[in-house]
> 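Can you keep this structure in mind? I'll have questions shortly.
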Protein chains: 2
Amino acid sequence: MTFSEENYLKTIYHLTTASDSEVSTNAIAERMETKASSVTDMLKKLAEKDLVNYKKYQGVSLTSAGKSEAKMIVRKHRLWEVFLVEKLDFSWDEVHDIAEQLEHIKSEQLINKLDDFLDNPTEDPHGDPIPDREGRIVKIEKQLLSELSENQVGVCVGVKDTSSEFLKYLDKQEIALGSKIEFLSRESFDLSLRIRVDKKELTISNKIASNLFVKLL
Amino acid sequence: MTFSEENYLKTIYHLTTASDSEVSTNAIAERMETKASSVTDMLKKLAEKDLVNYKKYQGVSLTSAGKSEAKMIVRKHRLWEVFLVEKLDFSWDEVHDIAEQLEHIKSEQLINKLDDFLDNPTEDPHGDPIPDREGRIVKIEKQLLSELSENQVGVCVGVKDTSSEFLKYLDKQEIALGSKIEFLSRESFDLSLRIRVDKKELTISNKIASNLFVKLL
DNA sequence: ATTAATTTTTAGACAAAACTAAAAATTATA
DNA sequence: TATAATTTTTAGTTTTGTCTAAAAATTAAT
């Protein structure tokens with residue numbers, strides 16, 4: 001399997017799990033910053049290899065073979081992210097691009113040894129679940145901070161947007177995985193939220209709140 | 001820089017440092033298990049980028065830019081090998097193929113953090129020197145076991161052949177980096193050597209002895 | 001229900017890196 | 001020093017993954 005094929009599978013996996021349906025050629029092209037015609041070419045190739053279900057003009061989904069390949073790529077990506085943050089002391093906004101490269105390294109033994117070395121983590125530094133060696137994913141129940149009602153309290157368990165920009169903002173506000181977040185009040189005018197993070201009170205926009213996952217206490 | 005370009009630079013680096021002269025198209029082709037015509041194509045491209053000195057029919061050498069690129073690839077390869085052996089518990093005969101992939105990961109920050117994480121090793125698991133972040137190499141004086149004279153004593157500091165086959169043979173004989181090796185006697189008929197490794201006496205062929213580096217005590 | 005807009009696919013081209021086969025240059029040999 | 005053998009380069013293909021432009025299919029709008 002080539003890097004390019006792996007990238008397509010991974011993208012299709014993310015898009016289909018997010019929307020829980022078939023995904024369009026254009027959606028893939030947009031996410032991968034490539035042209036629709038290139039996507040069509042690759043879909044044909046992946047269909048030929050029985051990694052995707054593809055019918056012209058009908059969108060694509062992964063076959064079970066494709067899905068398990070995709071999960072292994074996601075597994076590698078997220079394990080390497082844990083390594084970079086936990087062992088090499090990278091911050092959570094710096095690891096994505098490097099993990100994009102590392103996820104293509106081919107060696108099952110390597111990834112399983114890495115998994116053990118990291119003590120078999122179940123989530124990456126952004127709170128996303130890491131598939132185990134059989135592809136199983138332990139899903140934690142979490143919800144967006146923006147969906148809480150006043151006075152509910154949760155722990156930050158993940159981020160929806162993993163852009164460097166957003167993550168740096170969180171660092172600045174001292175919001176990290178594990179931070180206790182209390183929903184104090186909602187400003188009806190702009191939907192901004194008053195929250196308490198650990199000891200400190202602050203105001204965040206609704207956009208921020210709808211990119212932060214919390215687990216209710 | 002593409003993977004392929006990096007592989008060519010690395011090969012040229014190894015061949016030129018071994019022979020200390022220009023290297024021929026055929027030598028590169030043979031080492032890389034490719035065709036001479038493919039090598040010629042790539043040499044033109046590398047010359048275009050000022051990474052090699054190339055004149056038709058005259059062989060090639062690295063420019064200083066090419067050499068420093070090559071050293072960085074070697075640095076990455078060897079640091080990853082240390083990681084695999086020291087941290088992930090691979091044996092020294094298993095790491096080469098994985099390091100061949102990892103050496104192409106692009107991030108200076110990554111490799112420098114890895115270097116620190118490993119406590120800035122100066123040699124890889126086969127005893128080969130690891131260039132530092134400026135490309136400096138600390139060369140240790142070492143010689144082939146086959147070049148010793150009777151009753152000299154050394155410590156195993158490296159291997160010339162790094163094939164899995166040879167390394168497994170050494171494991172079987174319990175010869176490792178750091179083993180104390182006493183040259184007891186030479187059999188003139190087949191040039192085989194009687195040696196003592198740590199406490200145990202054994203006989204090894206001249207071929208084995210000429211692939212083992214020792215440092216005299 | 002046609003027409004218009006959008007999406008998707010096809011067709012043809014291109015760059016990278018490999019290959020084969022043949023030509024050219026170099027080196028070795030008689 | 002001719003000629004033979006070897007090495008290296010050139011020329012022309014192939015494969016992979018991308019692109020543009022145009023055609024075809026689908027979806028939206030009047």
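In what follows, chains are A, B, ... by sequence order, proteins preceding strands, each numbered from 1.
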> Rounded to the nearest angstrom, tell me the gap between atom CG in Asn26(A) and atom P in dT8(C).
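Rounding to the nearest Å, CG of Asn26(A) and P of dT8(C) are 4 Å apart.
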> Looking at every strand, decide which applies to Ser4(A) at a 4.0 Å heavy-atom threshold: base, sugar-phosphate, or nothing.
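Sugar-phosphate contact only.
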> What is the distance from CG of Asp41(A) to P of dC19(D), rounded to the nearest Å?
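These atoms are roughly 10 Å apart.
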> Look at all strands and tell whether Thr25(B) reaches a base, only sugar-phosphate, or nothing, counting heavy atoms closer than 4.0 Å.
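The answer is sugar-phosphate, as Thr25(B) gets under 4.0 Å only of primed atoms, P, OP1 or OP2.
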> If you round to the nearest 0.5 Å, how far is CG of Asp89(B) from CG of Asp116(A)?
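CG of Asp89(B) is found 10.0 Å from CG of Asp116(A).
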> Counting the atoms with a prime plus P, OP1 and OP2 as sugar-phosphate, which does Ser37(B) contact under 4.0 Å by heavy atoms, base, sugar-phosphate, or nothing?
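Base, at least one base atom sits under 4.0 Å.
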> Quick one: label Phe3(A) by what it contacts on the DNA or RNA (base, sugar-phosphate, nothing), any heavy atom closer than 4.0 Å.
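Counting heavy atoms under 4.0 Å across all strands, no contact is made by Phe3(A).
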> Atom CD of Glu5(A) and atom C1' of dT16(D): how far apart are they, to the nearest Å?
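Answer to the nearest Å: 9 Å.
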> Does Tyr8(B) have a side-chain nitrogen or oxygen under 4.0 Å from the phosphate oxygens OP1 or OP2 of dA16(C)?
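For dA16(C), OP1/OP2 do not have a side-chain N/O of Tyr8(B) under 4.0 Å.
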> Is there a side-chain contact between Tyr57(B) and the phosphate of dA23(C), meaning an N or O under 4.0 Å from OP1 or OP2?
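No, no such contact exists.
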> Counting heavy atoms from C-beta on, name the nucleotide in dC19(D), dA25(D), dA25(C) closest to the side chain of Ser38(A).
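Nearest to the side-chain atoms of Ser38(A), counting from C-beta on, is dC19(D).
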> Could you check whether Lys49(A) pairs with Glu5(A) (Lys NZ or Arg NE/NH1/NH2 to Asp/Glu carboxylate O, under 4.0 Å)?
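The answer is yes: the pair qualifies as a salt bridge.
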> Between C1' on dA25(C) and NZ on Lys56(B), what's the gap in Å once rounded to a whole number?
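Rounded to the whole Å, the gap is 10 Å.
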> Hey, is the side chain of Lys35(A) poking within less than 4.0 Å of OP1 or OP2 on dT18(D), counting only N and O atoms?
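For dT18(D), OP1/OP2 do not have a side-chain N/O of Lys35(A) under 4.0 Å.
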> Output the rounded distance in Å from CD (Gln58(A)) to C1' (dT9(C)).
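Going from Gln58(A) (CD) to dT9(C) (C1'), I get 13 Å.
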> Round to the nearest Å and state the distance from Glu33(A) atom CD to dC19(D) atom C1'.
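Those two atoms, CD and C1', are 16 Å apart.
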> Does the ring of Phe90(B) carry Lys113(A) above it, NZ/CZ under 6.0 angstrom from centre and within 45° of its axis?
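Output yes; distance and angle both within limits.
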> For Ile28(A) and dT9(C), give me the distance from atom CD1 to atom C1', rounded to whole Å.
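Distance check: Ile28(A) CD1 to dT9(C) C1' gives 14 Å.
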> Under a 3.5 Å distance rule, please check whether His96(B) uses its side chain to pair with a backbone N or O of Thr162(B) as donor and acceptor.
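Here the side-chain-to-backbone pair does not exist.
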> Counting distance only, does the side-chain N/O of Arg75(B) pair as donor-acceptor with the main-chain N or O of Gly135(B) below 3.5 Å?
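It does not hold such a pair.
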> Can you check the Glu30(B) CD to dT8(D) C1' distance for me, whole Å?
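After rounding, the reported distance stands at 15 Å.
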